[in-house]
Chemist: 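One structure coming up, written as structure tokens, with questions to follow.
Just so you know, these numbers use all the heavy atoms, side chains as well, and skip hydrogens, waters and symmetry mates. Only a predicted model underlies this, so the values are computations on that prediction, with no experimental measurement involved.
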Amino acid sequence: MTIGKTNKALGASYRRLSERIGKSKAVTATARKLAILFYNTMRFGMAYQDPGADHYEQKYRERVVRGLHRRAAEFGFKLQAAEGVS
């Protein structure tokens, strides 16, 4: 649960999951993600470089926007970016 307070990609992932599926399931999912990273590091000699929470949030935003474009296309619409909106 401590990882949820960090400014790392795993922390951002935990926070997003805990909002959606609850804290106990988010702990389990994050522990599994951490175990996979540890396994890949030990087994294959992979070096883990944390991209940071900002990178995770940017990738999440891109996934959401891609999904919105796909869903709009299913209904026959086309999305356009709004200029000057924060």
Side-chain angles (χ1 to χ4, degrees):
M1 289 194 57
T2 305
I3 203 160
K5 299 175 185 172
T6 63
N7 194 19
K8 307 285 183 193
L10 284 172
S13 174
Y14 169 79
R15 288 187 294 275
R16 187 164 306 283
L17 280 173
S18 67
E19 290 174 7
R20 197 175 70 226
I21 64 174
K23 293 199 182 292
S24 62
K25 288 184 180 181
V27 167
T28 304
T30 305
R32 181 181 188 279
K33 193 177 277 195
L34 190 59
I36 290 170
L37 288 171
F38 181 77
Y39 176 80
N40 286 335
T41 300
M42 300 318 283
R43 173 83 194 266
F44 303 112
M46 241 179 74
Y48 176 69
Q49 185 70 22
D50 184 59
D54 294 333
H55 182 263
Y56 175 81
E57 293 295 333
Q58 178 186 1
K59 290 293 184 182
Y60 175 75
R61 178 180 163 83
E62 290 171 4
R63 280 194 313 265
V64 169
V65 169
R66 236 186 353 257
L68 289 173
H69 279 285
R70 186 185 69 244
R71 290 196 58 182
E74 288 174 2
F75 290 111
F77 295 105
K78 184 177 180 182
L79 297 180
Q80 296 179 352
E83 299 297 324
V85 177
S86 58

Chemist: I'd like to know if the side chain of Thr41 and the backbone of Leu37 have a donor-acceptor N/O pair within less than 3.5 Å.
Modeler: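 Side chain of Thr41 to backbone of Leu37: a pair is present.
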Chemist: Calculate, to the nearest 0.5 Å, the distance between atoms CZ and CZ belonging to Phe38 and Arg43 respectively.
Modeler: 13.5 Å
Chemist: Is there a side-chain contact between Phe77 and Arg71, using heavy atoms and a 4.5 Å cut-off?
Modeler: no
Chemist: Just checking Arg63: does its CZ atom have more than 12 heavy atoms from other residues, nucleotides or ligands closer to it than 6.0 angstrom?
Modeler: yes
Chemist: Cluster question for you: counting only ILVMFWY and a side-chain heavy-atom cut-off of under 4.5 Å, with indirect links fine, are Leu79 and Val64 together?
Modeler: yes
Chemist: What closest approach, in Å, do Leu10 and Thr30 show between heavy atoms, and which atom pair accounts for it?
Modeler: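 Heavy-atom minimum between the residues: O-CG2, 4.3 Å.
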Chemist: Measuring from atom OH of Tyr39 to atom CZ of Arg32, what distance do you get when rounded to the nearest 0.5 angstrom?
Modeler: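 Between Tyr39 OH and Arg32 CZ, I get 12.5 Å after rounding to 0.5 Å.
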Chemist: Going from NE2 on His69 to CD on Gln80, what distance comes out if it is rounded to the nearest 0.5 angstrom?
Modeler: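 Output value for this atom pair is 10.0 Å.
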Chemist: Between Tyr60 and Leu68, is there a shared hydrophobic cluster once you connect ILVMFWY residues whose side-chain heavy atoms come closer than 4.5 Å?
Modeler: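 Same cluster: Tyr60 reaches Leu68 through Ile, Leu, Val, Met, Phe, Trp or Tyr contacts under 4.5 Å.
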Chemist: Spell out, yes or no, whether Val65 and Tyr56 are grouped together once hydrophobic residues are joined by side-chain heavy atoms under 4.5 Å, including indirect joins.
Modeler: no
